[in-house]
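Everything on this sheet refers to the single structure shown next.
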Amino acid sequence: MPSKARDIADEEELQAKAKFALSVLYSVARAAYGPKAGVVWIENIYGDPLVSRDGVTNLDSVHLADPVANMVARGAIEASRQSDRNVGDGTTAVIILAWHLYKVARRLVAGGYNRMVVETMLNDLVGEVDGYIDAIKLDATPKLLRAVAKVSSGDEALGELLADAMEEVGPDGGITIEDDLGKAVHTEITKGFYWPKGYTSVQLINDTAALESRFNDVPILITEKRMATASDIAPILDKIVGAKISNLVIVGQLEAEALAVLATLRLQGLLTATPVDVPAFAGLRSLMLGDLALVTDGTVLLPGTDSHDFTINMLGAAERVVITSNSTSIIGREGNVGEVDQRITELQSQYDDTESPTDKEAIKSRIGRLRGAMAIIHVGGASEIEQREVKLRVQDAVRAVQAAHVGGVVPGGGVALALALSSNAQTSPAFKEALAAPFKDLAENAGLNAEELLSKLNPDKPWYGFDLRNAKYEDLGAHGVVDPANVIREVVRNSVSVVAKIIIGTAALTLNDREARRE
């Protein structure tokens, strides 16, 4: 039996190893940071190496030999992944900013500030940056969304292709990304039903490498009945397994005990099922589930229904289903086209009759999902390495555009952060240096004089800065050099979160038994 003994690191050792861990992550992050940066080569245990510009991939490949340093590194990486989960971008920037914030925070502690005061100052920084973003952000026009696609994908032609696809499907349409046997990237527009919510449990996906689930010709269980216990779901799954169904998508609320039943069936090789919920906007859950049942030719299992009354013919079906961490796409609907068109007509009448802006927006979203424009982006490549690298950039770009559509845009190239702390900021002026550092890193990676460029930024002209691709001082909004506002918010929030936790750390406990660590 592995030992439960632990090694103890005191505050001095913890902070020294935290500094080392963050410096290593910073070196990896900066290597591929910005429009003129390079790529990171990552050795695989099996197969070919990966060449990547993707922040999540690069950072997640970092594993440090020292257990204290590695523990801090994994915490920082998890904070960066939170940005990716929430807005699809910003992973590299979280580590870049965290490193600079940490250096300032440690200087403040060494200079006599109480660590808890420094933690408060860091948390206050989040609110100040949020306020600045609210003051300067612009709504995302089609032109600016196109610019976001180009910047995030790192390729002019690829950005144009993605922007064209996203314009065609509209804000309520969905986008999914698939591997292709060819060497190029191309799009396919089809019918589908999309919503911005992903799998309930990462342990129940069927592609752990891609962190998603993909199914072909799959039945769909649609339930408004909450599955809280094993007795809620077991009678349903018994009938599904008895019908020799081996793959299943479950749309509805599942709690821990019900998820455990699914995990057991998967381990036994009887059923691979991925559960996903739908957004619960102001009581619209049942309406959305009803719409999904219509397009998949299924029946909603209603609250109060005895699970033993479930029958196989209540299942819906789809040609393809793609479930990621934050989205679900139902592609190729089985429902009656005439009935779907009739419901769209009814909703259009409701839209015309209502005066409530909130109700109009909800009805408009339902119509968009029922009409179901879906873009499938097929990603090829000359090699498996190239294909995977391009696919990662496409994924980042799609999610960045979606974030920009929701929250607007701010000046890109690090300018928004560099100017975020005005002269009347309540936070320590020392953090102004840290917020300007990502701008300087981007400039230096482009081979430019960072200090000179920084001195030309003007707080009275927040939208004027440098297009680092062309080394021009210009109106960044007019020239499409923008970042999604919500990405910048997430970058600050998540970098502050990890640094604040490190700063107040006074001890670390690590397993001193290799077998225990392996478990």
Side-chain angles (χ1 to χ4, degrees), residues 15 18-30 33-34 55 59 72-73 75-77 79-80 82-83 90-133 136 410-445 450-455 457 459 462 465-466 468 483 487-505:
Q15 294 300 330
K19 180 180 179 180
F20 169 72
L22 289 178
S23 69
V24 170
L25 293 178
Y26 169 71
S27 297
V28 172
R30 183 173 170 173
Y33 187 46
L59 294 166
V72 173
I77 290 166
S80 75
Q82 189 64 36
S83 286
T91 50
T92 300
V94 168
I95 298 299
I96 296 286
L97 183 57
W99 167 242
H100 294 296
L101 288 174
Y102 178 76
K103 289 191 296 180
V104 172
R106 285 302 298 169
R107 283 206 306 267
L108 292 172
V109 172
Y113 280 82
N114 181 281
R115 65 176 71 86
M116 304 305 291
V117 172
V118 175
E119 180 195 23
T120 299
M121 293 164 61
L122 282 163
N123 289 326
D124 288 345
L125 186 65
V126 176
E128 292 200 41
V129 173
D130 272 349
Y132 180 76
I133 288 174
I136 68 165
V410 294
V415 171
L417 282 180
L419 295 176
L421 290 189
S422 60
S423 58
N424 63 349
Q426 301 300 307
T427 312
S428 167
F431 286 117
K432 184 173 183 178
E433 168 195 336
L435 290 183
F439 171 88
K440 293 166 68 175
D441 285 340
L442 287 166
E444 289 171 3
N445 272 359
E451 291 293 345
E452 180 184 349
L453 297 188
L454 184 63
S455 69
L457 297 184
F466 289 87
L468 296 175
D483 286 325
V487 169
I488 303 303
R489 294 185 203 272
E490 282 290 319
V491 165
V492 175
R493 186 172 293 111
N494 290 310
S495 58
V496 162
S497 173
V498 69
V499 172
K501 288 182 176 68
I502 294 172
I503 285 297
I504 62 173

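For reference, positions follow the sequence shown, starting with 1.
A pairwise comparison of heavy atoms in E119 and I504 identifies OE2-CD1, 3.7 Å as the closest pair. The shortest heavy-atom contact between A434 and L97 is O-CD1, 3.6 Å. Taking every heavy atom of both residues into account, A29 and T92 meet most closely at O-CG2, 3.3 Å. Contact record, D483 with P411: OD2-O, 4.0 Å, taken as the closest heavy-atom pair. Residues A416 and V410 come closest through the heavy atom pair CB-CG2, 3.9 Å. For the residue pair L442 and G34, the shortest heavy atom distance occurs at CD2-CA, 3.3 Å.
R489 contributes atom CZ, which lies 13.5 Å from atom CG of N494 (distance to the nearest 0.5 angstrom). Remark: F20 CZ to L25 CG distance equals 9.5 Å, nearest 0.5 Å. Between the CD1 atom in I95 and the OG atom in S27 there is a gap of 11.5 Å [rounded to 0.5 Å]. Note: L122 CG to F431 CZ = 4.0 Å, rounded to the nearest 0.5 Å.
You'll find the side chain of R106 stays beyond 4.5 Å of the side chain of K19, heavy atoms only. Residues L22 and I502 meet the side-chain proximity criterion, which asks for heavy atoms closer than 4.5 Å. Using a 4.5 Å heavy-atom threshold, the side chains of F439 and L453 count as touching. Side-chain contact between Y102 and I503 is present, with heavy atoms from C-beta onward closer than 4.5 Å. Taking the side chain as every heavy atom from C-beta outward, L435 and L125 approach each other to under 4.5 Å. Residues V94 and T91 fail the side-chain proximity criterion, which asks for heavy atoms closer than 4.5 Å. Annotation: side chain of E444 is in contact with side chain of R30 (closest heavy-atom distance under 4.5 Å). Contact check for Y132 versus L421: no side-chain heavy atoms found under the 4.5 Å cut-off.
Side-chain contact of K501 with S497: a donor-acceptor pair under 3.5 Å is present, judged by distance alone.
With E433 as the fixed residue, the side chain to side chain donor-acceptor pair (under 3.5 Å) test singles out one of R107, H100, K103: R107.
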- [ ] Carefully, step by step, assess M121 and L108 under the rule side chain to side chain contact (heavy atoms under 4.5 Å, CB included).
- [x] CA-CA 11 Å; M121 293 164 61; L108 292 172; 3.7 Å; yes

